[in-house]
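We count ligands from 1, going down the list as the structure has it; atoms in each ligand are counted the same way. In what follows, every heavy atom counts, from backbone to side chain, and hydrogens, waters and symmetry copies are set aside. Position 1 is the first residue of the sequence; numbering continues from there. Quick caveat, the model's predicted, so the values are computed rather than measured.
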Amino acid sequence: MSDNKKRLAVFCSGTGSNFRALFDAIIERELPAEIVMCLSNRSQCGAMEFAREYDIEALHLSESQFGALDDFARAMLNALRERRIDMILLAGYLRKIPDEVIAAYPEKIVNIHPSLLPEFGGHGMYGMRVHEAVIASGETRSGATVHFVNEEYDKGRIIMQHHVPVVTGDTAETLAERVLRCEHRLYPAALEKLLAEHP
Ligand code: GRF
């Protein structure tokens, strides 16, 4: 049966709590998928430690290891092809995916963003900046979005969104915690939907 499983790569730069949520969901819900590798621009981070702990390949790949961006893009493409990756899940990956890689995996690269896109997305909108902007705007709800990745930041087709309230007295930090908990439910749900739609 393992031949029917989608081979996933998860790209991370930080804690990796979404990576863990995806990993747990695949096991608990018996999803037809396998996380084959975690790729990160950082050799040491929570996500890479988690991968090593669970015997998932932890591949450190960073622009700084290459003389030219083209070489970096080629190395990333080769790594994906060698491992026969079907789908790439970005989970807190803070680097731009090279255009060559996006072109080679159309609607096969997915990202999670901590706002209700298209609001509070785009270049430079990541991490706490997103939540600070939501609080400053006076919005009464926020949330998270899972979407396909294309050449433009946060502009690819939306796959699924969940929302959370912004409550009186919220700070960027309290909102960030609520949104992150929402992400941990949303990303597995979106993966399950994708796997069902593209068996
Ligand atoms: C999440 O908020 C996600 O939306 C964003 O980066 C954060 C990653 O958190 N893209 P974690 O590493 O999964 O804990």
Undergrad: Look only at the side chain of Glu100 and the backbone of Arg74, and say whether a donor-acceptor pair between them is shorter than 3.5 Å.
TA: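 No.
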Undergrad: If I apply the N/O under 3.5 Å rule, does Ser17 come out as touching ligand 1?
TA: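 Indeed, backbone or side chain, Ser17 has an N or O that close.
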Undergrad: I'd like to check whether Ala91 has a polar contact with ligand 1, where a contact means an N/O of the residue lying under 3.5 Å from an N/O of the ligand.
TA: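 N/O-N/O distance below 3.5 Å does not exist for this pair.
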Undergrad: Of the choices Gly46, Gly92, Gly127, Gly14, which has the non-hydrogen atom that lies closest to atom 7 (C) of ligand 1?
TA: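 Nearest heavy atom to atom 7 (C) of ligand 1 lies in Gly92.
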Undergrad: Output all residues satisfying side chain to side chain contact (heavy atoms under 4.5 Å, CB included) with Leu69, sequence neighbours left out; order by chain, then residue number.
TA: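 Testing Leu69 for side chain to side chain contact (heavy atoms under 4.5 Å, CB included), a comparison that skips the adjacent residues, returns Glu63, Phe72.
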Undergrad: Please check if atom CD in Glu30 has more than 12 non-hydrogen atoms from other residues, nucleotides or ligands closer than 6.0 Å.
TA: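 Open.
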Undergrad: Taking only heavy atoms of Thr15 into account, list the atoms of ligand 1 that are under 4.0 Å away from them.
TA: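 In order of number, 12 (O), 14 (O).
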Undergrad: Backbone N or O of Met48 within a donor-acceptor pair of the Ser40 side chain at under 3.5 Å?
TA: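 Answer holds: no.
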Undergrad: Among pairs that include at least one residue of residues 107-158, which meet ring pair (Phe, Tyr, Trp, His ring centres under 6.0 Å), considering only residues two or more places apart or in two chains?
TA: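 Checked against ring pair (Phe, Tyr, Trp, His ring centres under 6.0 Å) - neighbours excluded - the pairs reaching residues 107-158 are His123-Tyr153.
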Undergrad: What is the closest protein heavy atom to atom 10 (N) of ligand 1, and at what distance does it sit?
TA: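 Ranking protein heavy atoms by distance from atom 10 (N) of ligand 1, first comes Ile112 O, 3.0 Å.
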Undergrad: For Gly16, state whether at least one heavy atom is located under 4.0 Å from any atom of ligand 1.
TA: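 For ligand 1, residue contact (heavy atoms, under 4.0 Å) with Gly16 is present.
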Undergrad: Is it true that the side chains of Ser17 and Thr15 contain a donor and an acceptor less than 3.5 Å apart?
TA: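 Distance-only check fails for Ser17 and Thr15.
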Undergrad: Taking only heavy atoms of Glu183 into account, list the atoms of ligand 1 that are under 4.0 Å away from them.
TA: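 Reading through ligand 1 atom by atom, the close ones are 1 (C), 2 (O), 3 (C), 4 (O).
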Undergrad: Nearest protein heavy-atom contact for atom 9 (O) of ligand 1: which residue, which atom, what distance?
TA: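 I find the closest protein heavy atom is Asn18 ND2, 3.9 Å.
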